[in-house]
Amino acid sequence: ALATTALRTFYAAWRAAAVYDENNTAFRTRREEFGKALHELFASGADCVIIYQNDYVFFNGERLNYDREFSFGRSLAARLAELRLGGVAISNDAPAGEVDQMLFALAAADRRAADPFAALDDTWKTVGIARITITPLAANDPNSFLDARKMDPNADPRAIKRRRAQALFQ
């Protein structure tokens with residue numbers, strides 16, 4: 001439950017940062033919900049590491065299923081894939097201001113850039129986000145259905161899924 005709450009509030013705050021400025025009540029509410037979820041997560045001794053790999057979202061190493069409880073997962077996975085973002089790790093000593101900077105940097109990231117992750121990484125360094133780390137998505141991961149479709153939009157989806165299933169169950 002903590003993992004789902006942390007991811008849900010993370011994604012809600014990210015989306016709110018794309019629409020509202022930092023002083024807006026709607027953004028502040030989403031940000032406070034995310035802050036509370038982080039506090040509970042860290043108080044339980046858990047980390048906050050979000051990984052996107054092979055079209056799945058992992059939270060602290062556990063793959064999350066896209067079911068009713070995690071229904072927004074496909075949207076989150078698509079957003080991470082668009083930014084070529086393979087991971088986000090939030091340190092338990094990251095100040096609230098840095099979390100806000102992270103949310104606005106993610107919201108402002110140009111997913112149409114030639115290399116969206118490199119552009120985001122440049123913003124990360126310029127803004128000075130130090131206690132939240134990001135990692136790129138593995139380049140052209142052949143097991144990824146989304147990546148395979150982007151590399152060859154005419155590819156047979158069944159062949160891509162078969163190849164992905166073979167890689168996952170080897």
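Summarising the geometry of Leu64 relative to Phe59, their closest heavy-atom pair is CD1-CB, 3.8 Å, with the distance given to 0.1 Å. Nearest heavy-atom pair across Phe117 and Leu85 is CE1-CD1, 3.8 Å. Of all heavy-atom pairs spanning Phe72 and Thr4, the tightest one is CZ-O, 4.2 Å. The two residues Ala119 and Ala113 have their closest heavy-atom pair at CB-CB, 4.4 Å. The nearest pair of heavy atoms linking Asn24 to Ala26 is OD1-N, 2.7 Å. The two residues Trp14 and Leu83 make their nearest non-hydrogen contact at CZ2-CD1, 3.6 Å.
Of the residues Leu2, Asp47, Ile50, Ile51, the one that meets the side-chain contact (heavy atoms from CB on, under 4.5 Å) test with Asn60 is Asp47.
Between the side chain of Arg28 and the main chain of Glu22, a donor-acceptor pair closer than 3.5 Å is present. Proximity of a side-chain donor or acceptor of Asp21 to a complementary backbone N or O of Asn23 within less than 3.5 Å is detected. Distance alone, capped at 3.5 Å, is enough to place a donor-acceptor pair between the Thr135 side chain and the Gly87 backbone.
Within a 6.0 Å radius of CZ in Phe58, other residues, nucleotides and ligands contribute more than 12 heavy atoms.
One finds the CD1 atom of Ile134 at 13.5 Å from the CZ atom of Arg84 (value rounded to the nearest 0.5 Å). Note: Leu120 CG to Met102 CE = 10.5 Å, rounded to the nearest 0.5 Å. Interatomic distance, CG of Leu76 versus CZ of Arg74, reported as 12.0 Å (0.5 Å rounding). Atom CZ of Arg111 sits about 13.0 Å away from atom CG of Leu106, to the nearest 0.5 Å. A distance of 6.5 Å separates OG1 of Thr9 from CG of Leu38, quoted to the nearest 0.5 Å.
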- Task: Run the numbers on Leu103 and Phe27 for side-chain contact (heavy atoms from CB on, under 4.5 Å), then give the verdict.
- Result: CA-CA 10 Å; Leu103 293 168; Phe27 170 73; 4.1 Å; yes

- Could you go step by step and tell me if Tyr11 and Arg79 meet the side-chain contact (heavy atoms from CB on, under 4.5 Å) rule? CA-CA 10 Å; Tyr11 191 51; Arg79 185 72 56 100; 4.0 Å; yes

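In this structure the side chain of Thr5 never reaches within 4.5 angstrom of the side chain of Glu40, judged on heavy atoms. Arg131 is listed as a side-chain neighbour of Pro95, based on a closest heavy-atom distance under 4.5 Å.
The aromatic rings of Phe34 and Phe10 sit tilted, their planes meeting at an angle between 30° and 60°.
Arg31 has a carboxylate O that lies under 4.0 Å from a charged side-chain N of Asp100, or vice versa, which qualifies the two as a salt bridge.
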